[in-house]
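These notes are about the structure you will find just below.
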Amino acid sequence: EAGVAQSPRYKIIEKRQSVAFWCNPISGHATLYWYQQILGQGPKLLIQFQNNGVVDDSQLPKDRFSAERLKGVDSTLKIQPAKLEDSAVYLCASSLGLAGGYNEQFFGPGTRLTVL
Amino acid sequence: AQTVTQSQPEMSVQEAETVTLSCTYDTSENNYYLFWYKQPPSRQMILVIRQEAYKQQNATENRFSVNFQKAAKSFSLKISDSQLGDTAMYFCAFMKGLNNAGNMLTFGGGTRLMVKP
């Protein structure tokens with residue numbers, strides 16, 4: 001079974017530029033998460049989707065970050081404009097999203113963003 | 001809000017020895033899950049072990065076991081017979097108990113473990 005796919009794996013941009021990351025979850029997984037992992041820290045949730053609806057985006061800096069999951073499968077996370085402090089690894093995770101029980105989250109390899 | 005604290009930024013252990021990684025957490029929830037995740041260098045995060053808060057018995061997965069002290073809000077990971085492949089960042093994580101289809105993970109800051117030959 002294919003895992004969570006992310007692209008690109010690495011991205012270097014200048015500050016104030018825009019960037020987009022793509023995630024393809026495991027087939028059949030209804031819940032999709034984007035986490036930001038700053039170097040030396042644990043991941044922090046940015047946004048959670050259930051199918052194509054947003055469950056939690058309370059920690060997403062909405063003035064510059066946006067995310068969508070239009071058809072309830074793939075997702076795109078965008079930063080516009082980027083700041084130096086956005087340098088991090090952006091992790092995508094997915095889970096089955098079945099109500100009433102534990103759903104393991106499976107992580108992708110991440111996209112390492114460097115903002116110069 | 002939940003917080004997860006890992007007080008050991010770095011640890012090292014000799015191959016075949018045993019090492020224990022510490023984690024404490026703070027929550028007002030009664031139903032929750034605790035996890036240890038492994039993140040090898042430049043590789044993706046994988047689940048090592050899971051503990052349900054309602055279970056008194058400590059979880060075990062082969063060489064990995066936990067010491068779950070609910071009253072003390074402590075959740076340590078013991079790795080027995082350490083192997084070179086255990087070298088990685090280890091993250092302790094918390095998830096609220098589920099009444100719906102999915103909940104976020106709250107991670108600690110991580111412990112970098114180096115297994116020495």
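Below, chain A is the first sequence line, B the second, and so on; all start at residue 1.
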Under a single-linkage definition using a 4.5 Å side-chain heavy-atom cutoff for Ile, Leu, Val, Met, Phe, Trp and Tyr, are B:Trp36 and B:Tyr25 assigned to the same hydrophobic cluster?
yes
Does atom NZ of A:Lys62 have more than 12 heavy-atom neighbours from other groups under 6.0 Å away?
yes
Determine whether more than 12 heavy atoms belonging to other residues, nucleotides or ligands lie under 6.0 Å from atom CG of A:Asp63.
yes
Mark yes when over 12 heavy atoms from residues, nucleotides or ligands other than A:Lys11 sit less than 6.0 Å from its NZ; otherwise mark no.
no
Counting heavy-atom pairs under 4.5 Å with chain A, the top scorer among B:Gln39, B:Arg50, B:Met89 is B:Arg50
If hydrophobic clusters are built from ILVMFWY residues whose side chains come within less than 4.5 Å, do A:Ile47 and A:Phe65 share one?
yes
Decide if atom CG of A:Leu39 counts as having more than 12 heavy atoms of other residues, nucleotides or ligands within a radius under 6.0 Å.
no
Atom of A:Tyr102, atom of B:Leu47 and distance for their closest heavy-atom approach:
OH-CD2, 3.7 Å
Side chain, backbone, both or neither: which part of A:Gln41 has an atom under 4.5 Å from a heavy atom of chain B?
backbone
Treat each ILVMFWY residue as a node, draw an edge where side-chain heavy atoms are under 4.5 Å apart, and state whether B:Val66 and B:Met95 are in one component.
no
Where along residues 107-117 of chain B does a heavy atom come under 4.5 Å of chain A, listed by residue number?
B:Phe107, B:Gly108, B:Gly109
Quick check: is A:Phe49 connected to A:Ile26 through a chain of hydrophobic side chains (ILVMFWY, heavy atoms under 4.5 Å apart)?
no
Check this for me: B:Gln56, atom CD, are more than 12 non-hydrogen atoms of other residues, nucleotides or ligands nearer than 6.0 Å?
no
When the 4.5 angstrom heavy-atom criterion is applied to A:Tyr35 and chain B, the contacting part is side chain
Please name the pair of heavy atoms, one in A:Pro43 and one in B:Met45, separated by the smallest distance, quoted to 0.1 Å.
CG-CE, 3.5 Å
Looking at B:Ile46, B:Leu105, B:Thr106, which has the largest count of heavy-atom pairs under 4.5 Å with chain A?
B:Leu105
Test log, rule side chain to side chain contact (heavy atoms under 4.5 Å, CB included), inputs A:Gln37 and B:Phe91
CA-CA 12 Å; A:Gln37 185 178 15; B:Phe91 292 97; 3.2 Å; yes
In terms of hydrophobic clusters joined by side-chain contacts under 4.5 Å, are A:Leu116 and A:Phe21 together?
no
When the 4.5 angstrom heavy-atom criterion is applied to A:Gln6 and chain B, the contacting part is neither
Ring geometry between B:Tyr37 and A:Phe107 (parallel below 30°, tilted from 30 to 60°, perpendicular above 60°):
perpendicular
Taking CD in A:Glu104 as the centre, count heavy atoms belonging to other residues, nucleotides or ligands within less than 6.0 Å. Is the count above 12?
yes
Would you find a donor on one side and an acceptor on the other, under 3.5 Å apart, between the side chain of A:Gln105 and the backbone of B:Met104?
no
Counting only heavy atoms not in B:Lys70 (residues, nucleotides, ligands), do more than 12 fall under 6.0 Å from its NZ?
yes
Please list, in residue-number order, every residue in residues 3-17 of chain B that has a heavy atom less than 4.5 Å from any heavy atom of chain A; write 'none' if there are none.
none
Can you tell me which portion of A:Arg9 sits under 4.5 Å from chain B's heavy atoms? Options are side chain, backbone, both or neither.
side chain
